[in-house]
Protein chains: 2
Amino acid sequence: MALTIKVNEETFTPRQQAVLTAALDLLVENGDGLTMTAVARRASCSKETLYKWFGDRDGLLTATVQWQAAKVRMPQVDRSGLNAKTLRASIEQFARDLLTVITGEVSITLNRTAVTHAAQEKDSLGMIVLENGPLAIRRRLKPILEAGRDARLLRFTSSEDAYRTFFGLVVRDVQIRLLLGDKALTQSNVADNIEADVKAATDQFFALYGAKATHA
Amino acid sequence: MALTIKVNEETFTPRQQAVLTAALDLLVENGDGLTMTAVARRASCSKETLYKWFGDRDGLLTATVQWQAAKVRMPQVDRSGLNAKTLRASIEQFARDLLTVITGEVSITLNRTAVTHAAQEKDSLGMIVLENGPLAIRRRLKPILEAGRDARLLRFTSSEDAYRTFFGLVVRDVQIRLLLGDKALTQSNVADNIEADVKAATDQFFALYGAKATHA
DNA sequence: TCTCTGGCGTACCGTACGGTACGGTTCGAT
DNA sequence: ATCGAACCGTACCGTACGGTACGCCAGAGA
């Protein structure tokens, strides 16, 4: 396994996926509870098989994160017939997807795992999570933003900056507080406010980047 | 040690502070390298002393995080003679402080440690970091915001929301990317852009909450 | 039916690390 | 000078866990 980062789709047999599911469940249930023995017992397989399939503990961890992160595919947004209304709906949808994903238990677990991993000179998991989380949204949002600009509905010079501002307006301090285990932010609490937050963030984004905004 | 959370100042002897410094250095150098043996060796003290002073590994970790986090005291901002210019300067200063702290190596380490800790049903470190980081800024920024509102320089209904938007505009995706070890964000790279980012964020904040803004 | 392969379960090994014990040393108080 | 407290250094113990070895079984193919 070692240093090879498998960025692209990798097909796992159903049995292997069952193992990965077990591994993720253990991660979610109890952060660092991912011991090889625990995974083997949970998945009713032998440790030897784990090592054969995934190389070592890090390989199993990487495969799990990779596999799960890639599963977080957000719905495509219709880009045809762009007008003020559909653009706003698209952006609102992105905000909703982003918030929903980020506040999910699986996402929190994956991010925590990756952060922990990054604290030990290893950055592969961080890149995977980043790549499949924020960057995935960015890749799909940017064309929309640029289409909006071309249609004179938005105004900005750098779509990168526009995206990052969007991210900030939507996520605010929610993600870091969830990662730090802030009890004041139970997930249900957050979930109940998602719609309002999404609307507020979208309003603010258009206030800053809408065609009629007096852009600073 | 156990469950007691020491929220307030706790005086450590110089010798103890030397130990905590050693512990922090180890954390920064190599995330999880905080073994009791390593700390003892680095600080030239005996493990027995560590256990006597801090109870157990978690106590040492907590004391270290607590002590360091409390050291991140940002300069007070002058609140007298509030006008458009001084308000803007204050807010810009908050943005600068926030970005500077968050992108610092110590802060990244403390946050990573706390996140890792939170991944194991323990949330005390998370609360400590939260309390001394974002919340500390919030406590000091809110009065300024409210003073600005009273002076008709700002417009908002909830100072809490205003603060969180400020946080989002300033931090954006920088913190999570640093925590995840994104190589594309070397710290020098970030540091060089702090001034521009601070200015942009402040502009955006005033665009949204300034008295003349058409607030959504 | 024989055999071979893949995989389960378990036992096992080595190591790293949390935590404890203890002898020796320094230093201040009496 | 003596005593005792604090503390250093080191050796030690127990356990948890990563990783390996091996015996066994089931099922596919000849």
Side-chain angles (χ1 to χ4, degrees), chain A residues 1-4 10-65 112-113 116-117 119-122 124-125, chain B residues 1-4 10-65 112-113 116-117 119-122 124-125:
Chain A
M1 196 58 43
L3 296 178
T4 63
E10 178 141 5
T11 58
F12 293 110
T13 70
R15 186 77 185 88
Q16 287 172 332
Q17 295 188 24
V19 169
L20 295 178
T21 301
L24 183 75
D25 288 348
L26 284 173
L27 272 185
V28 171
E29 284 171 24
N30 155 9
D32 64 344
L34 192 111
T35 71
M36 302 303 275
T37 305
V39 173
R41 189 153 41 215
R42 176 72 66 105
S44 292
C45 73
S46 74
K47 282 169 67 176
E48 194 169 13
T49 303
L50 292 185
Y51 285 100
K52 183 171 189 175
W53 285 349
F54 304 103
D56 57 4
R57 184 179 182 277
D58 238 49
L60 172 59
L61 203 57
T62 302
T64 304
V65 171
R112 279 186 181 152
T113 305
T116 301
H117 211 244
Q120 313 162 357
E121 85 272 1
K122 308 238 173 198
S124 52
L125 289 191
Chain B
M1 196 58 40
L3 296 178
T4 62
E10 177 142 4
T11 58
F12 293 109
T13 70
R15 186 77 184 91
Q16 287 173 333
Q17 295 189 24
V19 169
L20 295 178
T21 301
L24 183 75
D25 287 349
L26 285 173
L27 272 185
V28 171
E29 284 172 22
N30 154 10
D32 64 343
L34 192 111
T35 71
M36 300 304 275
T37 304
V39 173
R41 189 154 41 216
R42 175 73 65 105
S44 292
C45 72
S46 74
K47 282 169 67 176
E48 194 171 13
T49 301
L50 291 186
Y51 285 100
K52 182 171 190 176
W53 286 348
F54 304 103
D56 58 4
R57 184 179 181 278
D58 239 48
L60 173 60
L61 204 57
T62 303
T64 305
V65 171
R112 280 188 180 150
T113 305
T116 301
H117 210 244
Q120 313 162 358
E121 85 271 2
K122 309 236 173 198
S124 52
L125 289 191

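Every value quoted in this text rests on a predicted model; they were computed, and no experiment measured them. All heavy atoms count here, side chains included; hydrogens, waters and symmetry mates do not. Naming: A, B, ... by sequence-line order, numbering from 1 per chain.
In this structure, B/Arg57 places its CZ atom 22 Å from P of D/dG14, rounding to the nearest Å. Rounded to an integer number of Å, the gap from A/Leu61 CG to D/dG18 C1' is 13 Å. At whole-Å resolution of the value, CG in B/Leu60 and P in C/dC17 are 15 Å apart. We find that CD of B/Glu48 is positioned 13 Å from C1' of D/dA5, with the value rounded to whole Å. Here C/dC8 presents its C1' atom at 16 Å from CD of A/Gln16, a figure rounded to the nearest Å. Taking atom CZ on A/Phe54 and atom P on D/dG19, their separation rounds to 14 Å, with Å as the unit. When the P atom of D/dC17 is taken as reference, atom CE of A/Met36 falls 13 Å away, rounded to whole Å. Counting to the nearest Å, the P atom of D/dC17 and the CG atom of A/Asp58 are 16 Å from each other.
A/Arg57 places a side-chain heavy atom less than 4.5 Å from the side chain of A/Leu34. The shortest distance between side-chain heavy atoms of A/Leu20 and A/Trp53 does not fall below 4.5 Å. In this structure, B/Leu27 and B/Leu61 have side chains that are in contact, with non-hydrogen atoms separated by less than 4.5 Å.
Residue A/Arg15 places at least one side-chain N or O closer than 4.0 Å to OP1 or OP2 of C/dC8. Side-chain nitrogen and oxygen atoms of B/Trp53 include at least one within less than 4.0 Å of the OP1 or OP2 phosphate oxygen of D/dC7. Regarding contacts with the backbone of C/dG9, every side-chain N or O of A/Ser46 stays at 4.0 angstrom or more from both OP1 and OP2. Taking 4.0 angstrom as the limit, B/Thr35 places none of its side-chain polar atoms (N or O) nearer than this to OP1 or OP2 of C/dC17.
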Evaluate the side chain to side chain contact (heavy atoms under 4.5 Å, CB included) criterion for residues A/Asp58 and A/His117: first the C-alpha distance (whole Å), next the side-chain angles of each, then the deciding distance (0.1 Å), finally the verdict.
CA-CA 10 Å; A/Asp58 238 49; A/His117 211 244; 3.2 Å; yes
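Rounded to the nearest 0.5 Å, atoms CG (B/Leu26) and OG1 (B/Thr21) are 11.0 Å apart.
Residues B/Leu34 and A/Cys45 each lie close to DNA chain C; by heavy-atom proximity, the contact nearer the 5' end of the strand is made by A/Cys45.
Judged by distance alone with a 3.5 Å cut-off, a donor-acceptor contact links the side chain of A/Lys47 to the base of D/dG19.
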